[in-house]
Amino acid sequence: MLPVDWLEERSGLIGGLRYFLFRKVPRETNWFHTLGSATLTAFLVQLITGVILAMYYKPDPKTAYSSIQHITNDLTLGWLVRGMHRWGASVFIILLFLHMGRVFLFGAYKYPRELNWLVGVLLLTMALGEGFTGYLLPWDQTAYWATVVGININANAPIAGPFIANILRGGNEIGPDTLARFYSIHMLLIPGGLIGLITLHLYLVIRLGITPPPWTRAAEGYAAEEPVPMRRGLVEPRPRGNGNGAVVRRGLPTVPRRPES
Ligand code: HEM
């Protein structure tokens with residue numbers, strides 16, 4: 001394992017990965033706990049398809065619509081990449097809400113995870129902003145008028161409303177500057193923020209551990225009553241035998257094989 005040892009000695013990354021993969025989670029974790037990872041997967045799909053789309057999209061009112069048509073009709077699998085990005089946006093938001101619902105119903109926002117809930121609120125706000133700014137980019141009638149409505153809603157906010165609307169529009173009217181601004185926010189500002197906050201979110205998940213479901217004894221504060229049997233293979237690799245029922249480990253004395261349970 002020379003390359004792995006080399007990397008570990010210089011970076012400690014392998015030890016970190018081992019800690020991440022073999023850390024303890026409550027034994028009652030279930031499918032509801034996969035909603036966070038599902039949201040993360042949806043975000044990664046948006047990231048990859050978005051990078052591909054950005055190679056062909058042209059953020060100018062004269063070219064935006066035709067560049068989207070070009071992606072959809074002319075490029076190899078362009079329709080698929082665009083479709084994944086467009087529908088994936090809805091999947092991402094739906095999964096986000098389901099994940100948030102799971103966290104709420106399991107009471108996983110309580111001490112000591114309040115900070116992670118607050119990070120989640122920021123993630124939700126930014127994800128909605130990502131949807132809003134992305135909607136204008138095809139520059140068709142739906143995109144244009146939906147953005148007019150969205151900006152007008154902001155403009156009606158008390159005191160700060162008109163300023164927010166002006167900042168979003170980049171002037172008094174929706175035009176080339178609005179499109180360039182929305183594109184920059186959509187593909188640089190918010191994704192950068194999301195990546196940073198998701199990293200912090202996952203760090204906190206690993207540091208604080210996963211909340212057990214509220215109906216379990218672990219959630220009531222009881223420790224596990226009986227030791228959890230180790231699953232063979234993943235956490236206890238099957239040792240190499242010498243054929244006589246004894247286990248041979250390099251550099252260690254021979255140990256008898258444990259009875260199979
Ligand atoms: C981009 C969006 C998000 C991603 C990728 C994400 C990802 C994750 C993952 C992978 C976990 C661990 C597994 C799980 O519990 O499902 C988790 C846990 C958690 N998330 Fe999120 N999340 C996001 C948004 C949110 C939002 C919007 C909230 C709430 C407002 C939130 C609050 C929490 C909390 C409190 C935990 C700890 C749960 C526990 O200890 O059981 N997350 N998140």
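Clustering of Ile, Leu, Val, Met, Phe, Trp and Tyr by side-chain heavy atoms under 4.5 Å joins I210 with V25, V205. The hydrophobic cluster containing V149 also includes I153, under a criterion of side-chain heavy atoms closer than 4.5 Å among ILVMFWY residues, counted directly or through chains of members.
Under a cut-off of 6.0 angstrom, the local environment of CG in L21 is crowded, with over 12 non-hydrogen atoms contributed by other residues, nucleotides or ligands. More than 12 heavy atoms of other residues, nucleotides or ligands lie within 6.0 Å of OH in Y109, so this atom counts as buried by the packing criterion.
A side-chain donor-acceptor contact under 3.5 Å links E8 to the backbone of I14. Side chain of H33 to main chain of P213: no donor-acceptor pair is present (N/O by atom type, distance under 3.5 Å, no hydrogens or angles). Formation of a donor-acceptor pair under 3.5 Å by the T216 side chain with backbone atoms of E28 is not found in this model.
Under a hydrophobic clustering in which Ile, Leu, Val, Met, Phe, Trp and Tyr are joined whenever their side-chain heavy atoms come within less than 4.5 Å, directly or via other members, V51 and L194 fall into different clusters. By the rule that hydrophobic residues join a cluster once side-chain heavy atoms approach within less than 4.5 Å of another member, L115 and I198 end up as members of one cluster. Linking ILVMFWY residues whenever their side-chain heavy atoms come closer than 4.5 Å, directly or via other members, leaves Y203 and Y19 in distinct clusters. Residues I48 and F43 do not share a hydrophobic cluster, defined by chaining ILVMFWY side chains whose heavy atoms lie under 4.5 Å apart. Note: the hydrophobic cluster containing L95 does not contain V45 (ILVMFWY, side chain heavy atoms under 4.5 Å, direct or indirect links).
Contact record, P176 with P61: CA-CG, 3.6 Å, taken as the closest heavy-atom pair. Nearest approach of T34 to W31, heavy atoms of both residues: OG1-O, 2.5 Å. Heavy-atom minimum distance, P112 versus E114: C-OE1, 3.3 Å.
At a threshold of 4.5 Å between non-hydrogen side-chain atoms, the residues I68 and T72 count as touching. With contacts defined as side-chain heavy-atom distances shorter than 4.5 Å, the pair L75/V81 does not qualify. L105 is not listed as a side-chain neighbour of F32, based on a closest heavy-atom distance of 4.5 Å or more.
Atom CZ of F104 sits about 9.0 Å away from atom NZ of K110, to the nearest 0.5 Å. Note that OG1 of T39 is 11.0 Å distant from CG of L44, once rounded to the nearest 0.5 Å. Atom OG1 of T178 is separated from atom CD1 of I151 by 6.0 Å, given to the nearest 0.5 angstrom. Separation of atoms CG (D5) and CZ (R10) is listed at 10.0 Å; rounding is to 0.5 Å. Between the CG atom of L7 and the CG atom of L2 there is a distance of 11.0 Å, given to the nearest 0.5 Å. Atom CD1 of I190 sits about 12.5 Å away from atom CD1 of I195, to the nearest 0.5 Å.
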Kindly list each side-chain donor-acceptor pair under 3.5 angstrom involving residues 83-93, sequence neighbours excluded, with atom names and distances?
unit_1	atom_1	unit_2	atom_2	d
H85	ND1	Q46	O	3.3
H85	ND1	T49	OG1	2.9
H85	ND1	G50	N	3.4

Report, one line per pair, each donor and acceptor closer than 3.5 Å where one atom sits in a side chain of residues 118-137; sequence neighbours left out.
unit_1	atom_1	unit_2	atom_2	d
T125	OG1	V121	O	2.7
T133	OG1	G129	O	2.9
T133	OG1	E130	O	3.2
T133	OG1	H186	ND1	3.2

Contacts table for residues 162-174: side-chain donor-acceptor under 3.5 angstrom, sequence neighbours left out:
unit_1	atom_1	unit_2	atom_2	d
R169	NE	G171	O	3.2
R169	NE	N172	O	3.3

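Between Y57 and Y183, the angle of the ring planes lies from 30° to 60°, which puts this pair in the tilted group.
Note that R102 lies in the cation-pi zone of F106, set by a 6.0 Å cut-off to the ring centre and a 45° limit from the axis.
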Legend entry - Chi angles and distances behind the side chain to side chain contact (heavy atoms under 4.5 Å, CB included) call for R82, L53: CA-CA 7 Å; R82 186 185 168 209; L53 289 177; 4.2 Å; yes
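Paired with Q141 under the rule side chain to side chain contact (heavy atoms under 4.5 Å, CB included), one option of W139, W145, Y144 passes, and it is W145.
Residues satisfying the side-chain hydrogen bond (donor to acceptor under 3.5 Å, both in side chains) criterion with R181, sequence neighbours excluded, are absent altogether.
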